[in-house]
Asker: 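I'd like to ask some things about the structure below.
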Amino acid sequence: MIRLLLKTLFLEILLLLLHHSSAVDDDDLSPFPKNFLFGTASSSYQYEGGYNIDGKGQSNWDNFTHGGRSMIVDGSNGDIAVDHYHRFQEDIDLLEALKVNSYRLSISWTRILPKGRFGEINWPGIDFYNKLFDALLLKGIQPFVTLSHYDSPQELEDRYGGWLSPQSQEDFAFYADLCFKTFGDRVKYWVTFNEPNYQVPLGYRSGIYPPSRCSGLLAMANCKEGDSEKEPFIAAHNIILSHAAAVHLYRTKYQVEQRGRIGIVLQQEWYEPMSNSTADKLAADRARSFTFNWFLDPIIFGKYPKEMENILGSILPEFSTNEKKKLKKALDFIGINYYTASYVQDCMHTKCDSRFGISTTEGSYMTSGNKNGVSIGESTPFSWFNIYPQGMEKTVTYVKDRYNNTPMFLTENGYAQQDDPNFTLEDQVNDFKRIQYMENHIEALSTAIRKGADVRGYFAWSLLDNFEWIYGYTIRYGFYHVDYSTLKRTPRLSATWYKQFIANYTEAKFTGIDNLLQTT
Ligand SMILES: *[C@@H]1O[C@H](CO)[C@@H](O)[C@H](O)[C@H]1NC(C)=O
Ligand SMILES: *[C@@H]1O[C@H](CO)[C@@H](O)[C@H](O)[C@H]1NC(C)=O
Ligand SMILES: *[C@@H]1O[C@H](CO)[C@@H](O)[C@H](O)[C@H]1NC(C)=O
Ligand SMILES: *[C@@H]1O[C@H](CO)[C@@H](O)[C@H](O)[C@H]1NC(C)=O
């Protein structure tokens with residue numbers, strides 16, 4: 001305990017030093033606009049647990065993790081997760097302690113519509129979210145709500161193949177309508193989809209996420225069926241149109257009265273060309289188009305990126321004239337999840353020594369965290385996670401320039417800590433690396449804001465350690481450590497840091513919807 005106290009003291013001193021060298025240390029020069037949202041992010045399947053109680057239906061992730069074929073490294077699932085379903089009040093107290101003014105979460109589709117539009121509304125599920133939103137607002141914390149964060153009803157998968165069918169658009173609109181109607185008096189920030197640009201390739205190309213469909217050389221799972229070369233583009237197409245349907249509905253039926261905002265969240269890794277060659281620079285452009293602009297170009301410009309059209313030809317589905325009209329500027333804000341960066345090497349003109357680049361439908365490029373054995377940034381135990389704060393500024397600036405400075409939120413950013421059973425609790429909570437990571441990334445973000453990027457919020461992933469998909473419980477991202485045998489939450493040093501940081505740079509309390517609208 002004494003040691004812990006000493007370490008805390010040490011942290012205070014460290015923060016003081018960091019603070020003095022920091023570019024964002026003067027209140028008057030705060031780069032963050034008034035009403036900037038500082039929050040933490042979460043998702044239903046990773047947090048809630050309660051997977052089959054109070055009338056909840058089976059989701060695709062319930063089906064996948066229970067099916068015995070998932071590749072989750074510790075064989076775990078989200079049945080209990082961090083039991084947020086039962087502990088939400090305690091967790092909101094933790095949010096209050098951090099003094100955040102917003103909380104990003106997702107609604108579990110099957111908790112309120114167990115069988116999509118083919119069954120009844122589940123009122124106990126509605127009741128749960130009513131209580132959750134009310135409890136947040138009581139503490140002055142704005143809910144920032146995602147409709148689809150990877151989990152969807154298994155019923156829709158069974159009936160018509162989920163996102164592969166245009167019928168999914170009707171289901172998504174039905175679900176979105178219910179949410180706007182029921183919660184829209186209190187929820188002013190809506191996100192249709194979280195990271196469809198990861199969900200789709202993982203579900204329909206490599207097959208390591210549900211519905212685990214894949215084929216040929218791109219398969220990374222033992223899929224029963226699928227077409228890795230074609231299906232990702234069909235699923236993405238239906239998700240893009242589902243997004244547009246929900247936005248159209250919100251704008252025509254609810255927005256005037258409810259006065260909220262609606263957008264989509266994508267993950268963007270920053271891509272640096274491996275060399276100064278034109279081929280590698282074009283490969284980095286292709287990488288951005290095949291992973292990010294893939295979704296945003298249609299939603300904002302009404303068409304897929306040129307790079308994709310040129311390479312994919314007829315594999316890429318087409319939008320009808322009517323759909324194109326609905327798609328243009330079909331969002332109020334762009335959500336960006338930024339964690340890491342990698343080098344990109346051309347595989348179109350050069351032969352690549354990797355499984356990547358073996359198919360043109362992936363864009364014919366290869367990514368790597370290293371160049372000649374040197375990592376792009378500080379490396380971590382995870383090959384995919386190299387620390388590159390400059391990528392934060394570059395990503396935000398890229399999105400600003402490409403999409404005419406559409407309002408942005410940094411909807412996720414966080415530090416992955418490997419779980420080691422030999423660590424003591426003390427080791428687990430002394431997360432200096434996380435503090436340094438966030439400090440540097442927020443500083444890079446503030447540089448982008450100073451240079452004119454319209455960024456309106458930052459959400460750290462995550463409040464708590466939680467179920468990290470394919471990594472199960474083996475990676476920890478929380479400001480609070482979770483002991484999975486007791487579910488006890490223990491603050492890490494980063495929790496103290498975030499609280500101080502917010503207190504120093506923001507008006508923590510949200511000052512009302514009118515101010516939000518003023519700046520939009
Ligand atoms: C997953 O869904 C399929 C199709 O409905 C079903 O046959 C299977 O039993 C389900 N698996 C689990 C573990 O519930
Ligand atoms: C590219 O060229 C610039 C300017 O000549 C140089 O500073 C940089 O190191 C080069 N980058 C690579 C990857 O070779
Ligand atoms: C934990 O400690 C034991 C005994 O020292 C060692 O054998 C084991 O490899 C360690 N586990 C990890 C994950 O480092
Ligand atoms: C907040 O401000 C105080 C007083 O200036 C300073 O001691 C502290 O280091 C700052 N904390 C953070 C996290 O920036």
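Each ligand, and each atom within it, is numbered from 1 in the order the structure gives. As a basis for the values below, the full set of heavy atoms in this structure was taken, side chains included, without hydrogen atoms, waters or symmetry mates.
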Asker: Short list, please: which atoms of ligand 4 are under 4.0 Å from a heavy atom of Trp497?
Answerer: 13 (C)
Asker: Run down the list Ile502, Asn504, Thr496 and name the one with the heavy atom closest to atom 14 (O) of ligand 4.
Answerer: Asn504
Asker: After noting the C-alpha distance and the side-chain angles of His149 and Ser106, does the key distance pass the side-chain hydrogen bond (donor to acceptor under 3.5 Å, both in side chains) rule?
Answerer: CA-CA 6 Å; His149 194 126; Ser106 77; 4.7 Å; no
Asker: Would the distance check show the side chain of Asn60 and the main-chain N or O of Tyr150 forming a donor-acceptor pair, the cut-off being under 3.5 Å?
Answerer: yes
Asker: Only heavy atoms of Phe501, strictly under 4.0 Å: list the atoms of ligand 4 that pass.
Answerer: 13 (C)
Asker: Quick one: nearest non-hydrogen protein atom to atom 11 (N) of ligand 1, plus distance?
Answerer: Asn63 ND2, 3.0 Å
Asker: Tell me whether atom 7 (O) of ligand 1 lies less than 4.0 Å from at least one protein heavy-atom position.
Answerer: no
Asker: Taking atom types as modelled, find out whether Asn194 and Thr146 have a side-chain donor-acceptor pair closer than 3.5 angstrom.
Answerer: no
Asker: Salt bridge between Lys488 and Asp483, side-chain N to carboxylate O under 4.0 Å?
Answerer: no
Asker: Please list, in number order, the atoms of ligand 1 under 4.0 Å from a heavy atom of Asp158.
Answerer: 4 (C), 5 (O)
Asker: Please list, in number order, the atoms of ligand 1 under 4.0 Å from a heavy atom of Gln58.
Answerer: 12 (C), 14 (O)
Asker: Hydrogens and angles aside, do Lys394 and Tyr388 bring a side-chain donor and acceptor to less than 3.5 Å of each other?
Answerer: yes
Asker: Side chain, backbone, both or neither: which applies to Glu157 and ligand 1 if a contact is any heavy-atom pair less than 4.0 Å apart?
Answerer: neither
Asker: Going by the order shown, which atoms of ligand 1 are within less than 4.0 Å of some heavy atom of His66?
Answerer: 13 (C)
Asker: Does a salt bridge link Glu378 with Lys433, judged by any charged N lying under 4.0 Å from a carboxylate O?
Answerer: yes
Asker: Taking 4.0 angstrom as the limit, do Arg87 and Asp91 come out as a salt bridge?
Answerer: no
Asker: For Gln154, take its heavy atoms, then give the atoms of ligand 1 lying under 4.0 Å from any of them.
Answerer: 2 (O)
